[in-house]
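Below is one structure; the comments refer to it alone.
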Amino acid sequence: MTVIRLPDGSERVFDHPVTVFDVASSIGPGLERAAVAGKVNGKLVDLDNLIENDSELTIITEKDAEGLEVIRHSSAHLLAHAVKELFPDTQVTIGPVIEDGFYYDFSYKRPFTPEDLAAIEKRMLEIAKRNLKIERKVWDRSEAINFFKQQGEHYKAQIIESIPGDEDLSLYSQGNFTDLCRGPHVPTTAKLKVFKLMKVAGAYWRGDSNNEMLQRIYGTAWLTKDDQKKYLHRLEEAEKRDHRKIGKQLNLFHIQEEAPGMIFWHPKGWALWQQIEQYMRQVQNDNDYLEIRTPQVIDKELWVQSGHWDNFRENMFVTDTDERSFAIKPMNCPGHVQVFKQGLKSYRDLPIRLAEFGSCHRNEASGALHGMMRVRAFTQDDAHIFCTEDQIQEEVVRFIHLLKGVYNDFGFKDLLVKLSTRPVKRVGTDAQWDKSESALESALMEAALDWELQPGEGAFYGPKIEFSLKDCIGRVWQCGTLQLDFSMPERLGAEYVAEDNSRQVPVMLHRAILGSLERFIGILIENHAGAFPLWLAPTQAVVLNISKNQIDYAQRVTEELNSHGFRVSQDLRNEKITYKIREHSLQKLPYQIIVGDAEVSSKQISVRSRSGQDLGQMPVTQLIERFKEEIAIKI
RNA sequence: GCCCAUGUAGCUCAGUGGUAGAGCACUCCCUUGGUAAGGGAGAGGUCGCCAGUUCAAUUCUGGUCAUGGGCUCCA
């Protein structure tokens, strides 16, 4: 007797051991068709897995998230199968499921070309149609190693050698292709219908840059054609938001060969920047930060002292002048410590919060550069808080409050938090770590935030919290950070006079809210697809005349709006109004103001919103009020 | 830094072993038009850069720089 308990609590009794498939077909033909795998007592298994004891069983169908994963995993095998058929002397390695798809890494004597990819995809479709049964077998370890070695599959043999000895080694076969895999897989290749190979890229064996560079083929797989279409559409939509593309279209910035990884800001992009910088300056002033400015180029000696020279040397731009070596600052903290050190500080002075829109340069690996998101020259909304250990928690609470307010103002409501605690290699005493980790945790609790714990992921000099935001298409960006530092103040000789007249080393908190302004602006561009809220828009409105009769009036309207501090331009060109409206709509201006003879005689203006709505005629003062309200609520 | 792809007019892109083309933008002319493209004419390119092969290279080959997609890295 085998009793199978299903998720709805019902039980099915069989007088013999059954497979997952048997149970599915005993329930109904629809389920039989849709089933791709099973979960027996919480463990994912194949459909032909034999259940010998009473068990809890969930049948995984194509419609379950896990079912789709099984399909993708089997698609990866299908890819490997096709590659082995077309290029028999390829070595296969690993082929896992990833978000929205899968990949498989291969070792082959020559690079795969885009034409190869098309041929591979075609072969995959053929193999799928062959309706090959996918069968699992448990193998003996050394036999499996020999099996793969005989086929010249040395990477596979290596993988087996690294699998713990007490685990079953399962091999899956479909036709003449056999691959090591934990499974589960769909029962036959015919279940794989909707997939597409996306791109080929390099990837190091085992992710180690000392190893061979393998060729990774990425693919996507879905349950239905429609799902796949939606996915490809989603990619297209994301591409339309690309900050590099929009930056060009809206004339915000450019990058050129002579300054790789560095931004040339154009007037409109810089206007956007200034809104953000000035907003942050105001927020920090209101929260008792003191803004400072420190040098770009500092003698190597200071970087040796701070430890950057040892740990970060290859990422620093260095300049030798007058027989001295200088480094362009990659971080602001050593400079901030120098400011702190000027004049003797008392415990009464603490906490001291020094802020800088600090321009930093880091010589990032050329292959790592990416538009404004990963650059070599960037500006941080950086600040360092010097305080006592007892003040940590209060400071963290204040910071989180500040950060939430800022993200909210920029329209980001979803906040993801990660707390990283002490790594194995670290400085500072256990007592210090105990105290500061619990201070961070308490502060997070006080802020009513959920967080993910990352044990051992802290920096060697202190624990940290990372804050990420989610944009309007669901992508997650890490921006904010708060790091405790037990090391640098001491290395650089910062101290204060304590209550008992002793000299103490302050704790330093590194913190940023936006992170890199360049990157944050890139995120903003993509989040809004270039249609910025009024308070940020580089140009908030444009005044358009219908014909040359209204040129003087249009100029007066523009001047009046500008005199109230708004960023308003005018377009008095000799063009049709529809033409001008189209152009400024493509530039995504929040408002367009139209003046013709009717407006001149009524002393009003016609207003068109970015959504294309005609707001009708109104006096200029009414628009000014509207602008003020809209800017105040930052939408 | 590593792998693959790409680099042609201001922008988006086509194209060829015999020194280049489209649309939009730009300039000029006509048009004075009421909520997403009025018409005409003109100007504009050392085909990323440096070598090599060739009678001849933007095209083929090598190198190099940059960009894009990944990998690695991000103290």
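Lettering follows sequence order; numbering is per chain, from 1.
One C1' atom belongs to B/A20, the other to B/C47, and the distance between them is 8 Å to the nearest Å. A gap of 28 Å separates the C1' atoms of B/C49 and B/C26, to the nearest Å. Nucleotides B/U8 and B/A57, compared at atom C1', are 14 Å apart to the nearest Å. Going from the C1' atom of B/C74 to that of B/G1 covers 14 Å, rounded to whole Å. B/G63 and B/U72 have their P atoms separated by 26 Å, given to the nearest Å. Taking atom P in both B/A22 and B/A37, the straight-line distance is 25 Å, to the nearest Å. B/G70 and B/A25 have their C1' atoms separated by 35 Å, with the value rounded to a whole Å. The C1' atoms of B/C3 and B/G10 are separated by 33 Å, rounded to the nearest whole Å.
B/A5 atom C1' lies 11 Å from atom CD of A/Glu115, rounded to whole Å. Rounded to an integer number of Å, the gap from CG of A/Leu214 to P of B/G70 is 18 Å. Distance CZ (A/Phe486) to P (B/A75): 17 Å, rounded to an integer number of Å. Taking atom NE2 of A/His361 as the reference point, atom P of B/C74 lies 22 Å away to the nearest angstrom. Taking atom NZ on A/Lys576 and atom C1' on B/G33, their separation rounds to 5 Å, with Å as the unit.
Under the Watson-Crick or G-U wobble criterion, with both distances below 3.5 Å, B/G52 is paired with B/C60. With a 3.5 Å ceiling on both atom-pair distances, B/A14 lacks any Watson-Crick or G-U wobble partner. Nucleotide B/A75 has no partner under the Watson-Crick or G-U criteria, as no pair reaches both atom distances under 3.5 Å. Pairing of B/C26, defined by two Watson-Crick or G-U wobble distances under 3.5 Å, is identified with B/G42. Figure legend. B/A66 is base-paired to B/U6; pairs are counted as Watson-Crick or G-U wobble with both atom distances under 3.5 Å. Here B/A37 sits opposite no nucleotide as a Watson-Crick or G-U wobble pair (both hydrogen-bonding atom distances under 3.5 Å).
When distances are taken from the side chain of A/Ser547 to each of B/G34, B/U32, B/G1, the shortest belongs to B/U32. Among the nucleotides B/C74, B/G38, B/G70, the one closest to the side chain of A/Glu575 is B/G38. Listed candidates were B/G1, B/A36, B/A75. Nearest to the side chain of A/Ala365 is B/G1. Of the listed nucleotides (B/C74, B/G69, B/C11), B/C11 has the atom at the smallest distance from the side chain of A/Lys248. You'll find that the side chain of A/Glu599 is closest to B/G34, out of B/G34, B/A75, B/G1. Of the candidates B/C71, B/G69, B/U35, the closest approach to any side-chain atom of A/Ala201 belongs to B/G69. The side chain of A/Arg244 sits closest to B/G68 out of B/G68, B/U32, B/U72. For A/Arg573, counting side-chain heavy atoms from C-beta on, the closest listed nucleotide (B/G1, B/C26, B/C4) is B/C26. Side-chain atoms of A/Ala368 lie closest to B/U72 of the nucleotides B/A36, B/G70, B/U72. Set against B/C71, B/U35, B/A75, the side chain of A/Phe312 has B/A75 as its closest nucleotide.
Within 4.0 Å (heavy atoms only), A/His584 reaches no atom of the nucleic acid at all. Counting any heavy atom pair closer than 4.0 Å across all strands shown, A/Gly207 reaches sugar-phosphate atoms only and no base atom. Nucleic acid contact for A/Phe112: none, since no nucleic acid atom lies under 4.0 Å from a heavy atom of the residue. If you check every strand for non-hydrogen atoms under 4.0 Å, A/Gly371 touches sugar and phosphate atoms only. Contacts of A/Thr113 with the nucleic acid, taken as non-hydrogen atoms under 4.0 Å apart, are absent. Counting non-hydrogen atoms under 4.0 angstrom, A/Gly261 reaches the backbone sugars and phosphates but no base. Within 4.0 Å of A/Met331, counting heavy atoms only, lies at least one base atom of the nucleic acid. No engagement by A/Ile255 is indicated, since no non-hydrogen atom pair under 4.0 Å with the nucleic acid exists. Across all strands shown, A/Asp597 has heavy atoms under 4.0 Å from base atoms, whether or not it also approaches the sugar-phosphate. Residue A/Gln613 is out of contact with every strand shown, counting any heavy-atom pair closer than 4.0 Å. In this structure, A/Ile594 reaches the bases: a heavy-atom distance under 4.0 Å links it to at least one base atom across the strands shown. Heavy atoms of A/Lys548 sit under 4.0 angstrom from at least one base atom.
Distances shown here put a side-chain N or O of A/Thr578 below 4.0 Å from the OP1 or OP2 atom of B/G38. For B/G33, the OP1/OP2 oxygens have no side-chain nitrogen or oxygen of A/Lys580 closer than 4.0 Å. For A/Arg216, no side-chain nitrogen or oxygen approaches OP1 or OP2 of B/C4 to under 4.0 Å. In terms of phosphate contacts, A/Tyr579 brings a side-chain nitrogen or oxygen within less than 4.0 Å of OP1 or OP2 of B/A25.
Geometric assessment of A/Arg72 against the ring of A/Trp222 yields a positive cation-pi assignment under the 6.0 Å and 45° thresholds.
Ion pair A/Arg241/A/Glu239 not flagged as a salt bridge, since none of the NZ, NE, NH1 or NH2 atoms sits closer than 4.0 Å to an Asp/Glu carboxylate oxygen. Salt-bridge annotation for A/Asp571 and A/Arg573: present, with a side-chain N of the basic residue lying under 4.0 Å from a carboxylate O of the acidic one. Checked for salt-bridge contact, A/Glu121 and A/Lys196 miss the test: no charged N lies under 4.0 Å from a carboxylate O. At a threshold of 4.0 Å, the pair A/Arg376-A/Glu518 does not count as salt-bridged, since none of the basic side-chain nitrogens sits closer than that to a carboxylate oxygen. Using a 4.0 Å cut-off between charged nitrogen and carboxylate oxygen, A/Lys240 and A/Glu526 do not count as a salt-bridge pair.
Put simply, the side chain of A/Asn363 and the base of B/G1 share no donor and acceptor less than 3.5 Å apart. A donor-acceptor contact under 3.5 Å is formed by the side chain of A/Arg608 with the base of B/A36. Checked by distance alone, A/Arg206 brings no side-chain donor or acceptor within 3.5 Å of a matching partner on the base of B/C71. The base of B/G1 sits within donor-acceptor range of the side chain of A/Tyr204, with an N or O pair under 3.5 Å.
Judged by closest nucleotide on RNA chain B, A/Arg610 is the one of A/Arg610 and A/Tyr218 placed further toward the 5' end.
The shortest side-chain heavy-atom distance between A/Glu356 and A/Thr294 falls under the 4.5 Å cut-off.
Taking the ring centroids of A/Phe102 and A/Tyr104, they lie at or beyond the 6.0 Å cut-off. Aromatic pair A/Phe253/A/Phe264: ring centres not closer than 6.0 Å. Aromatic ring centroids of A/Tyr155 and A/Trp205 lie under 6.0 Å apart.
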